[in-house]
Amino acid sequence: MKKFLKNIIIFFLLALIVGEIVVRVTHTMSDIPQRVIDENGIQKYYPNQEGYWKGGDHKWSINKLGWPGELPNSYDNLIMIIGDSYIENFMNPNDCHQSAFLKKNMKTFNFMEAGRSGVSLIEAMEISKNLDSLKPVKTLVYVNNNDFYESIRDIKPLQDITQVNLKNGTIVYGKMKAPLFKKILYNWKLLYYFYTRFPLNNQSENAEAPTVSEAIEENNDILKSKSEVFNLINYIKDNYFIKDKVFVFHPNSNTEIIEQCKNLGFNIIVLDSSKDDKKWVFDHDSHWTCYGHEQVAKQISNALLK
C-alpha cells in the first residue's frame, strides 16, 4: 500500500512539473504583471517587468514609471493618454498602442500612456493630477459609460476600484484583492490555467470588455443614476484642472453624459465606428484590435490638429 501511494505521489508531482512546463512553453496563459499601490494611492505595476500575452505572439512591457508600454524619448510637447484596459492594451504589441499611432500622425508631439485594467474616471483624474508634473500640453482621458458609473461610491461601493463619495466629497482609493493569492496564482501557470477554466466565481482578474447586451444593461444603469452621474461631472469640474483635459468617448457612449460634459465646458472627442466597414474589435471581446487602435488614433489626431 505504501509503495502504491508513493507511486501515486511521484506520478502526481511529475504530472504537475510536466504540465507547468507545457503551459509555460506554449504560453497557454498570459503572463500577468504584478501590481503595487504607490504613495498617492494609485494602483500601478512594479517597474521594468515584461511577459508574453496568451499564445506567445508578442510581449508586453512595463516601463520604469510603472505603466505599460514605452516611454517617449522626450517629455517636451507631451500629450498624456490615460485609460483602462483599452489603453493598457496587453492584447496588442507596443507598436499597436495609441501612443505609437498618434505619434505617426502628430510627429511634433510626444505621447505617454498611463493605462490599467479597472481604472475608473475618478482614478483617471487622480492619475492625471499626479502626472501634471510632466507638464503635458494635453491629457486624453478615454472613457465609456461604465467609467462614470463605477466612479461613484454612493451608487455601488467597490473595494478594488477608486471611487468618490459625493456626499462628503472624499476619494476612496481602491485596494488590491488577495494580493498574495494572486501572486501565487499568476506565477504558478498550471494553477492559473485551471483557475481560468474552472473559476471560483464568474469573474476573472482580466475580465473581457462588455458585450453588446452588457453594454445595454450598463447604459440602463447610467440612466437610473443620471443625477449622481451629473453630480460626478460637476465634482470633476470643481476639483480638477480640466482646461487641458480631453474626454475621449468610446463609440455609442451615452449622449446625455456627452451633452452634460459639453455644457460644463469639458473638451471632448466622440469616437464613431459606424461608418467603418471593418470591425474595430476582436471577435471574442470588444477591446480594440491593432486596426481599431489605428482608426481611433486617426479620429483623435484629426480632432486635435483642427
Side-chain angles (χ1 to χ4, degrees), residues 38-44 63 65-84 86-89 97-116 119-145 147-148 151 162-164 169 171 173 229-250 253-254 257-272 293 296-306:
D38 71 11
E39 65 277 8
N40 298 307
I42 303 298
Q43 288 189 48
K44 301 164 66 174
N63 57 50
L65 296 184
W67 297 111
E70 299 175 349
L71 292 174
N73 295 325
S74 168
Y75 294 125
D76 294 337
N77 225 15
L78 179 67
I79 294 180
M80 286 298 312
I81 299 168
I82 300 176
D84 56 12
Y86 285 81
I87 300 305
E88 179 186 66
N89 195 21
H97 278 229
Q98 282 295 288
S99 56
F101 287 122
L102 285 168
K103 180 64 176 177
K104 287 180 182 178
N105 299 336
M106 303 172 66
K107 292 182 170 35
T108 59
F109 292 88
N110 292 299
F111 297 87
M112 176 186 157
E113 297 180 3
R116 198 204 73 243
V119 167
S120 61
L121 171 58
I122 201 66
E123 185 174 10
M125 298 308 298
E126 286 291 296
I127 293 170
S128 75
K129 184 170 66 176
N130 291 321
L131 291 174
D132 278 348
S133 59
L134 297 176
K135 299 180 179 179
V137 295
K138 282 278 187 294
T139 295
L140 306 175
V141 181
Y142 292 61
V143 292
N144 56 44
N145 295 342
D147 294 325
F148 289 82
S151 292
T162 295
Q163 298 179 302
V164 58
I171 301 295
Y173 293 100
V229 170
F230 283 11
N231 288 339
L232 169 69
I233 298 170
N234 276 286
Y235 176 88
I236 291 172
K237 180 179 181 294
D238 293 339
N239 289 275
Y240 298 90
F241 184 70
I242 65 168
K243 187 176 180 181
D244 62 343
K245 308 299 186 294
V246 181
F247 283 178
V248 179
F249 283 89
H250 283 231
S253 291
N254 184 281
I257 294 177
I258 294 171
E259 288 304 314
Q260 181 68 3
C261 289
K262 281 183 181 178
N263 293 337
L264 291 179
F266 285 83
N267 302 303
I268 69 167
I269 296 172
V270 182
L271 301 173
D272 183 7
H293 272 279
V296 169
K298 282 182 181 178
Q299 292 190 13
I300 292 172
S301 55
N302 287 339
L304 292 178
L305 290 172
K306 285 180 181 178

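All values below come from the heavy atoms of this structure, side chains included, with hydrogens, waters and symmetry mates left out. Quick note: residue numbers are just sequence positions, from 1.
For the pairing with Tyr142, the side chain to side chain contact (heavy atoms under 4.5 Å, CB included) check across Val248, Ile82, Asp147 returns one residue only, Val248.
Using modelled atom types, no side-chain atom of Ser253 and backbone atom of Phe249 make a donor-acceptor pair closer than 3.5 Å. Judged by distance alone, with hydrogens and angles left aside, the side-chain atoms of Arg116 form a donor-acceptor pair with the main-chain N or O of Gln43 at under 3.5 Å. The closest donor-acceptor contact from the side chain of Asn267 to the backbone of Lys245 lies under 3.5 Å.
Among residues two or more places apart in sequence or in another chain, the ring-ring contact (aromatic ring centres under 6.0 Å, His included) test is passed with His97 by none. With sequence neighbours left out, the side-chain contact (heavy atoms from CB on, under 4.5 Å) criterion links Ala100 to no other residue.
With no hydrogens or angles considered, a side-chain donor-acceptor pair links Asn110 and Lys103 at under 3.5 Å. Side chains of Tyr173 and Glu123: a donor-acceptor N/O pair is absent below 3.5 angstrom, by distance only. Donor-acceptor pairing under 3.5 Å is recorded for the side chains of Tyr240 and Glu126. Using modelled atom types and a 3.5 Å distance limit, the side chains of Gln163 and Ser151 yield no donor-acceptor pair.
The environment of Asn73 atom CG is sparse: at most 12 non-hydrogen atoms of other residues, nucleotides or ligands sit within 6.0 angstrom.
Closest non-hydrogen pair, Lys237 versus Ile242, comes out as CG-CD1, 4.1 Å. Ala114 and Met80 get closest at one heavy-atom pair: CB-CE, 4.3 Å.
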Let me see the working for Val296 and Ile300 under side chain to side chain contact (heavy atoms under 4.5 Å, CB included), right down to the final yes or no. CA-CA 6 Å; Val296 169; Ile300 292 172; 3.6 Å; yes
